[in-house]
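Take a look at the structure set out below.
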Amino acid sequence: METQTKTEMKETKKRQAVNMTGAEAIIRSLIAEETETIFGYPGGAMIPTYDALYNFEKEVNHILVRHEQGAIHAAQGFARVTGKTGVAMVTSGPGATNTVTGLADAMLDSTPLVVITGQVGSSLLGTDAFQETDVVGITQPITKWNFQVKKAEDIPYAIAKAFFIARSGRPGPVLIDITKDAQTAQFDYLYKKIKSIRSYIPRPTIDKSSIESAVQLINLAKKPMILAGQGIILGNAEQELITFAEKTGIPVAWTLLGLSSIPSNHPLNIGMLGMHGNYGPNIKTNEADLIIAIGMRFDDRVTGDLNSYAIKAKVIHLEIDPAEINKNVHADVPVLGDVKDSLPLLTEKVNKNNHESWLEEFKACDRIEKTRIIEKEINPPTGGIKMGEVIHKVSTAFNDDAIMVTDVGQHQMMSSRYFKFKQSRSVVTSGGLGTMGFGLPAAIGAKLGNPERPVCLFVGDGGLQMTIQEMGTILQSKIPVKIVLLNNNYLGMVRQWQELFFESRYSSTNLINPDFQTIAKGYKIESNKVTNREDLQNAVEKMITHNGPYLLEVLVEKEGNVFPMVPAGASVSDIRLE
C-alpha cells in the first residue's frame, strides 16, 4: 500500500469530520473520554452546552447539584473511588469561582478532575461583562493545567489534552474555560485522544542505580519502616506494596490518604501516621534506621518538627513527582518513577527477611495505646456517647467493608482511627486542604462511582451545614448514602485546640444547631436521633438495613478530644496520649 501524502491525509480527515456546534463537541469529547457521569449546575454562559446535553441523556448521566462547590466535591468523590477522571461543568462568574475550593482541594490531594466552565463571549472578554471573571488567572496556581477556549475548533484538542494531563503521572485537576461564542459556532469536528505531550514526562524513567542503592539499604536495615501514601492507590500498586512488605517483613504505616492501601488487619500494618495517628508508628519514627516513603509527600501533619524528624534514619523515597524529592525531607536514595514499576524492581532484588523483634516493639506500643486510649474510646464505661464507639460500631456493622467518606474535624480523625478496611479505594476525605463541607457531596460522588458498595459518611454538625443543601441532590437523584452525623454542638477540632493551647477560651466555637431530623424530612430522607448509648446498636442496624438514604444523628459528648496528638510544630516523639 502506498503511503498517503499529507494532502491525502488531510482529505481523509476532512471526510471523517462531522459538522457540529462547539457545544455538541464538548459533550461528544467527554463521551470519547469515557465520561459517564457529569456533576454540574447550568447558567447563562453554559446554556448552549446544556442544550446539547439534552440529546445525550442515554450516554451521559448528569447530576444536578445544588451548589457548584457540591459539583466539584462530588466529582472528587467519584474520582477517588473509581480511579477515573471526575468531571464537573458549571457556568461563568460565580459558578466558576464556586469551584475554587474544590480545585485547591483536588490539587493538594492529587485527584484527577476536568472542570469545564462557561465564559462570556470572546468579544466581551476584559470588559467586566455580566458574570465575567478571569477564572484562568484565578485558578492557575491550583490546577495542574488550565486553558481558555475562544474558538470552537480548539475544543476537541483542549479536552483531549485536559484528560491526558489530569490522569497521567501525578494526577490533578484541570480547568477548561470555554467562551459562549465558541460553544455556538459551527465547525468540522474530529476527536483524537492524546497519548503524549512534548516536554511533559508524566512517568519518569527509573534509574536502575537508585534501585541498587535502595536494595543495599533495605538489606542492611535493622529497624525499617514503610510509609504508605496515596501514591500507592493512585498507581494501583496495592498488591505490589503487599508483596514487597511480605518479602522483606517491614512494618507498614499509612498516611491519612494512604488509608486502605493495605488491609487493616494485615499483620504488617502498624497503623496511621500523623498528628492524630497511632502511637507506635509516630514514636518509632525516630528509632527507625530506614524510612521507605512510598507515594507520600512528607506533609507537616506527618513529620511534625522537621529538625527532629526521623533523626536516625536513612530515607528512600519512591515518588513519581520530582518536585516532591527533597522538598521537605532529604532523600538519601530517591527512586523516581511509577511505584507500580519501581516496587517490583525492589521486591525482585531484596533479601527475604523478617523483623519480628522490631515489629514486636510496635505491638507493645499498640498495647499501651489500647489500654490508655482505644478501649476508653470504643467501650466507655460511663458518660456521654463517644465518637469512636459510634464509628467502631458502624464499621463492624458494615463488616469493615464499606467506603468511608468524612468531612473535616474531630470525626475525620476518629473515623480514620476506628473505621477498618478490607479493600483499597475505601476512603474519601479531604487531606491537604482540610475542607469543611467536603463530605456530603463527596459521598454522593462516591456512591455514584461505586453503587455496588455501601457508602457511609461521617460528618460533624459544623461541616454538614456548609453543604447541607446537597440533600436536594440526594432527593432528586435518589442516592442511597448513609450519613452519620456526630453532633457535639461545637466546632470540635477548633474547640480541642482552644482547650489544650488557649486555656479553654472557647471563642466562637459553640454551635446552636437546627433540628436536623426536620431538615432531613424536608428532603424525604429517613432519619433517627440517638441520645442514649443503649439505643445506639439498634439505630446503626436500622440505618444499614434501610433501603435508601438515611441520616443517623448521634449526640456525642460535647468536649471529647482526639488522642493521641502530636502538637503542631512538635516532634513526633512528643506525641501526647492525653
Side-chain angles (χ1 to χ4, degrees), residues 20-35 37-50 52-53 56 60 62 68 71-72 74-76 78-79 84-100 102-104 106-107 111-122 125 131-168 171-185 187 189-194 197 200:
M20 65 181 67
T21 65
E24 183 177 348
I26 292 170
I27 305 303
R28 288 192 180 277
S29 299
L30 292 175
I31 292 172
E33 293 291 347
E34 302 174 13
T35 300
T37 304
I38 299 172
F39 302 91
Y41 202 95
M46 280 300 284
I47 287 177
T49 300
Y50 271 90
L53 181 63
F56 293 91
V60 180
H62 180 270
E68 292 86 357
I72 194 163
Q76 287 177 271
F78 182 93
K84 299 177 181 178
T85 302
V87 177
M89 191 163 70
V90 302
T91 194
S92 65
T97 58
N98 281 342
T99 68
V100 167
L103 287 167
M107 189 68 176
T111 305
L113 298 180
V114 170
V115 178
I116 295 176
T117 59
Q119 186 54 274
V120 300
S122 56
L125 291 171
Q131 291 194 334
E132 179 196 2
T133 56
D134 178 11
V135 67
V136 171
I138 290 169
T139 62
Q140 191 275 331
I142 52 172
T143 51
K144 194 175 175 185
W145 180 67
N146 67 10
F147 184 70
Q148 186 173 76
V149 176
K150 302 176 187 177
K151 296 179 180 179
E153 54 264 35
D154 294 336
I155 287 172
Y157 178 76
I159 291 179
K161 186 174 180 179
F163 273 89
F164 178 70
I165 291 175
R167 63 189 169 208
S168 60
V174 171
L175 182 139
I176 304 295
D177 191 44
I178 306 178
T179 62
K180 194 169 184 178
D181 52 323
Q183 297 172 52
T184 57
F187 76 110
Y189 171 82
L190 185 66
Y191 196 79
K192 183 179 180 181
K193 287 189 178 184
I194 288 178
I197 299 172
Y200 172 54

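Note that these values count all heavy atoms, side chains included, but never hydrogens, waters or copies made by symmetry. Numbering of residues begins at 1 and proceeds along the displayed sequence.
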Before you tell me yes or no, could you show the steps for T179 and Q119 under side chain to side chain donor-acceptor pair (under 3.5 Å), namely the whole-Å CA-CA distance, both residues' side-chain angles and the distance that decides it to 0.1 Å? CA-CA 4 Å; T179 62; Q119 186 54 274; over 6 Å; no
Counting heavy atoms not belonging to K150, are there more than 12 under 6.0 Å from its NZ? no
Is there a donor-acceptor pair closer than 3.5 Å between any side-chain N or O of K161 and the backbone N or O of P156? no
When you measure from the side chain of D181 to the backbone of S122, do you find a donor-acceptor pair of N or O atoms at a distance under 3.5 Å? yes
Between Y50 (side chain only) and Y41 (backbone N and O only), is there a donor and an acceptor less than 3.5 Å apart? yes
Evaluation steps, salt bridge (Lys or Arg N to Asp or Glu O under 4.0 Å), between E33 and K84: CA-CA 10 Å; E33 293 291 347; K84 299 177 181 178; over 6 Å; no
Main chain of P42, side chain of T91: is a donor-acceptor contact present, judged purely on distance under 3.5 Å? no
Would you check if the side chain of K180 reaches a backbone N or O of M46 as a donor-acceptor pair within less than 3.5 Å? no
Is there a donor-acceptor pair under 3.5 Å between the side chain of D177 and the backbone N or O of V136? no
Test side chain to side chain contact (heavy atoms under 4.5 Å, CB included) on Y157 and K192 and set out the steps. CA-CA 8 Å; Y157 178 76; K192 183 179 180 181; over 6 Å; no
Without hydrogens or angle criteria, can the side chains of T21 and Y189 be said to hold a donor-acceptor pair below 3.5 Å? no
Main chain of P173, side chain of T143: is a donor-acceptor contact present, judged purely on distance under 3.5 Å? no
